[in-house]
Amino acid sequence: MKHKLFFKELRDYIISNEPRLSKQEKLIMWGSIIDDYQRYNRQRKYIRWSVAASITLLLAFGFMEGYHRINVSTDRVLFSRTDVNSIKQVELVMGDNKVTLEKNCIIRCNSDKNCIEIEQDASKLAISYNCKTKLLVAVPSDAKAEVFLSDGSDIVLREKTKMSFPFSLNKEKNRNVKIEGEAYMAVTHMPKKKFLVDSKYLHVTVLGTKFLLSVYPESKNQKVSLFEGLVQVTTDTKKKATLKPNQTFDYHLDDGHTHVYKIQNSVNNSTSLNSDLLIMNNESLTKLLHKAEEYYQTKFYFNPSETDGIKLTGKFDTQATLEVFLSRLEKIAPVQVSKQGKRIIIHK
């Protein structure tokens, strides 16, 4: 009854208010409308199901797109609002909350208990957490943080490094982390879940392995050094390489050149995650430089008569980049570092 009343009002309106058509043309047009409606009425059950299915698909697609954008946006926000050059302690960012930790700490994601477990020199604590937002760990200068993901993967973040990652990896199709800086990774082998590492210039695909990733955004050389397993590296310019154990992938940003070479003396290969410190106890700078030459597979040019008399006491993280090592050396010793081509010269 409501439909009949509606159509009568519509018919009267068209016939009386459409100035461009004659009365006969209006009647013909109206007959066509009635025919179309009757065909629709016979098929409306089918149409209703089709429309409902279409709306459902659109909503599902829209949700997936929105979810992806939210996650991308969250990653960008997390990285942009944390500056590793300005912080003094390790920071753990959980959504809108931030926890300040000691310079050397261990962070464990325990998805079974819905909590984040933290170990520091002075204390242990557990933070309840069951959110879908990504976490971020930021490490300042002269610090280190060891992160155990919910899949058991062990990641040691070096100084001036930050990493974002999901709290729980159980429901993720792949395991995705994003890194700026340098990290040593021992990835848990999961054949059905790839481990994907994203950085500004390099993207690493892993199934289960141990490797060192050096992707400081200000460095002109982006590197991946593989110690166990197999990884595929892709640059931002779509160049690809597959690494075998004891190989390093080197990407030069200045000219876009890539190079894969064998690690001649793989000290890092036999180095555990927590014993990779070069410890000096009132020893000469000469000795430190010779040790550093072995670790970094490079040659320093210096005058032993100058460096023998410089005594040093402290710890040096051998997993830090060569640039970081040289920068720190200038801060703790009365020397200067200069470069002439590929020659690294150390002098007073």
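- Test Ile155, Leu136, Val139 against Met163 for side chain to side chain contact (heavy atoms under 4.5 Å, CB included) and you get one pass: Ile155.
- The ring of Phe302 has its center closer than 6.0 angstrom to the ring center of His290.
- Side chains of Asn303 and Ser305: a donor-acceptor N/O pair is present below 3.5 angstrom, by distance only.
- Between Arg328 and Asp142 there is a side-chain heavy-atom pair separated by less than 4.5 Å.
- By the 4.0 Å N-to-carboxylate-O rule, Lys162 lies too far from Glu91 to be salt-bridged with it.
- Nearest heavy-atom pair, Thr82 versus Ala138, reported as atom, atom and distance to 0.1 Å: CG2-CB, 3.4 Å.
- Within 6.0 Å of atom CD in Glu218, more than 12 heavy atoms from other residues, nucleotides or ligands are found, so the atom counts as buried in its surroundings.
- The only member of Ile179, Thr161, Asp198 that meets side chain to side chain contact (heavy atoms under 4.5 Å, CB included) when paired with Val215 is Ile179.
- Between Tyr251 and Phe249, the ring-plane angle classifies as tilted under the 30° and 60° cut-offs.
- In terms of heavy-atom proximity, Ala183 sits nearest to Arg158 at N-CG, 4.4 Å.
- Within a 6.0 Å sphere centred on NZ of Lys311, heavy atoms belonging to other residues, nucleotides or ligands number more than 12.
- By the 30° and 60° cut-offs, the orientation of the rings of Phe300 relative to Phe325 is parallel.
- The existence of a salt bridge linking Asp308 and Lys287 is excluded, since no basic side-chain nitrogen approaches an acidic carboxylate oxygen closer than 4.0 Å.
- Within the 3.5 Å criterion, the main-chain N or O of Leu169 finds a donor-acceptor partner in the side chain of Ser150.
- Side chain of Gln222 to main chain of Tyr201: no donor-acceptor pair is present (N/O by atom type, distance under 3.5 Å, no hydrogens or angles).
- Between Tyr184 and Phe211, the ring center distance fails the sub-6.0 Å criterion.
- Between the side chain of Ser153 and the main chain of Val187, no donor-acceptor pair closer than 3.5 Å is present.
- Distance check, rounded to the nearest 0.5 Å: CZ of Phe167 to SG of Cys109 gives 6.0 Å.
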- Message: Test salt bridge (Lys or Arg N to Asp or Glu O under 4.0 Å) on Asp151 and Arg175; report intermediate values, then the result.
- Response: CA-CA 9 Å; Asp151 67 342; Arg175 298 168 289 169; 2.6 Å; yes
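- The environment of Lys193 atom NZ is dense: over 12 non-hydrogen atoms of other residues, nucleotides or ligands sit within 6.0 angstrom.
- The CD1 atom of Ile127 sits 13.5 Å away from the CG atom of Asn114 when rounded to the nearest 0.5 Å.
- Using a cutoff of 4.0 Å between basic side-chain nitrogens and carboxylate oxygens, Glu180 and Lys160 are not scored as salt-bridged.
- Under the 3.5 Å distance criterion, the side-chain polar atoms of Asn174 are left unmatched by any main-chain donor or acceptor of Asn176.
- The environment of NZ in Lys239 is crowded: more than 12 heavy-atom neighbours from other residues, nucleotides or ligands sit within 6.0 Å.
- For the atom pair Cys115 SG and Arg108 CZ, the distance stands at 11.0 Å (nearest 0.5 Å).
- A side chain to side chain donor-acceptor pair (under 3.5 Å) with Ser225 is found for one member of Asp250, Thr248, Asn246 and no other, namely Thr248.
- One finds the NZ atom of Lys144 at 10.5 Å from the CD atom of Glu159 (value rounded to the nearest 0.5 Å).
- Summarising the geometry of Glu323 relative to Ser219, their closest heavy-atom pair is OE2-OG, 4.0 Å, with the distance given to 0.1 Å.
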